[in-house]
2 protein chains.
Amino acid sequence: MVKELDEKSDSLPDHVGWRLWQASRAWQAEFAAAMRADGHAWFTDARAGLLGHIPRGGTRQSALIERSAVSKQAVQQLLDGLEAEGVIERLPDPRDGRGKLVRYTRKGLDALRDGDRIKLQIERGYIDRIGERRFAALVDALRALDAGQGDLLETTARIRGETSESK
Amino acid sequence: MVKELDEKSDSLPDHVGWRLWQASRAWQAEFAAAMRADGHAWFTDARAGLLGHIPRGGTRQSALIERSAVSKQAVQQLLDGLEAEGVIERLPDPRDGRGKLVRYTRKGLDALRDGDRIKLQIERGYIDRIGERRFAALVDALRALDAGQGDLLETTARIRGETSESK
DNA sequence: TCCGTATAGTCAAGATACTTGACGATATTC
DNA sequence: GAATATCGTCAAGTATCTTGACTATACGGA
């Protein structure tokens, strides 16, 4: 139980990226645990990442592909899983024979509702921990950061190599 | 190119967790791209997550396992990869015949140095985007959040189910 | 109207990053 | 010394992503 070397003092990271990563992981772990405790056993981080891009009113699968920062095949596989779990369903798009509409099932909407509640609970916990002022500053800074950036999509699209140079 | 439905207006997420996640992903994507551009082709997010827990002076593999929020087998596999890449090396622990010491090779230390530089560049970019004041508030809030929490490890350890109830 | 091309989605195969389970070797404790 | 715990490894399986190849539908002219 005795720490023989005080490695804590030896340059473990403390920069924005690391902090953001830790904070993000902590939030996700807390949220996912609460969701599963609420009976949504199908909930995973990867699925959450995708669901975040599906508005309550539904969307086209192709729109989803544009927004999320992964390949269309990845989106498809995640949707396959969510569909199998009964969280979302896919319908043919009446306006485009090629397209599919993705929308929530009752089960999915229930999960969203629970998610909203949990989200607020976590926020309350954060405010308790760091104070309302700091919390507001945090959100403000994150929003500014997001707005100031061409956002993740461009970056990843660029990295991935412009599927179609629609110049 | 015409947006037929204005889905933007339909409840896409805007809460701390989502913002943190997006910000974290953006940071990592930027960092990883810069690292690879600098010749560290072996660099991946998962490896970065582990390296962040290895102090420059090295550490015991078991200490690494305690700190990182994944299973010991995952840590091992990541170390296997890093060792194969020549980034770290493992030596027997002279003080405990069971243990192994993990430390950086020259190549690893070079990568850390480059990483530090890139990290500062990214920070500079952030400050340009949102201003020094907001940036300071961001870091301050993240630090407070981290300090206020029993941190990620307890949570994940609890979730995973207490390998050994060392009561 | 028909043809070329772009777009939406699917199928298949493989890589990476994890997981749990089982195990051998060394320490520790009594 | 013997029971027990810890450290690391080996093996096998799962989730999440990737690239490549393909089908079906839509669209924009000649």
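Every chain is numbered from 1, with letters handed out A, B, ... down the list of sequences.
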Indicate, with a heavy-atom threshold strictly under 4.0 Å, whether A46(B) touches base, sugar-phosphate, or nothing.
sugar-phosphate
Check every strand shown and say whether Q76(B) touches a base, only sugar-phosphate, or nothing at a heavy-atom separation below 4.0 Å.
base
Is there a donor and acceptor pair closer than 3.5 Å between the side chain of Q77(A) and the base of dC17(D)?
yes
On DNA chain D, compare the nucleotides closest to G99(B) and A74(A); which residue's is nearer the 5' end?
G99(B)
Side chain to side chain, I118(A) and M35(A), heavy atoms closer than 4.5 Å:
yes
For the backbone of F43(B) and the side chain of R36(B), can you confirm whether one donor and one acceptor N or O come within less than 3.5 Å of each other?
yes
Looking at dC17(D), I'd like to know if its phosphate oxygens (OP1 or OP2) sit under 4.0 Å from a side-chain N or O belonging to S71(A).
no
Starting at CZ of R47(A) and ending at P of dT14(D), how long is that distance when rounded to a whole Å?
14 Å
Rounded to the Å, how far apart are R95(A) CZ and dC27(D) P?
12 Å
Sub-3.5 Å donor-acceptor pair from the side chain of R47(A) to the main-chain atoms of W42(A), do we have one?
yes
Mind calculating the distance between CD1 (I65(B)) and P (dT19(C)) to the nearest angstrom?
12 Å
Hey, is the side chain of Q61(B) poking within less than 4.0 Å of OP1 or OP2 on dT9(D), counting only N and O atoms?
yes
Under 4.0 Å between any heavy atoms, over every strand shown, what does D96(B) touch: base, sugar-phosphate, or nothing? Just pick one.
sugar-phosphate
Using a 4.0 Å heavy-atom cut-off across all strands, classify R90(A) as base, sugar-phosphate, or nothing.
sugar-phosphate
Decide yes or no on salt bridge (Lys or Arg N to Asp or Glu O under 4.0 Å) for R90(B) and D80(B), but give the supporting numbers first.
CA-CA 9 Å; R90(B) 279 187 274 201; D80(B) 286 347; 2.3 Å; yes
Phosphate oxygens OP1/OP2 of dG8(D): is one of them under 4.0 Å from a side-chain N or O of S62(B)?
yes
Atom CG of L64(B) to atom C1' of dC7(D): distance rounded to whole Å?
13 Å
Residue-phosphate contact under 4.0 Å: T44(A) side-chain N/O, dT16(D) OP1/OP2
yes
Would the distance check show the side chain of T105(A) and the main-chain N or O of G86(A) forming a donor-acceptor pair, the cut-off being under 3.5 Å?
yes
Check: dG8(D) base within 3.5 Å donor-acceptor of K72(B) side chain
yes
R98(B) atom CZ is separated from dC7(D) atom C1', nearest whole Å, by 6 Å
To the side chain of R60(A), which of dT18(D), dT19(C), dG9(C) is closest?
dG9(C)
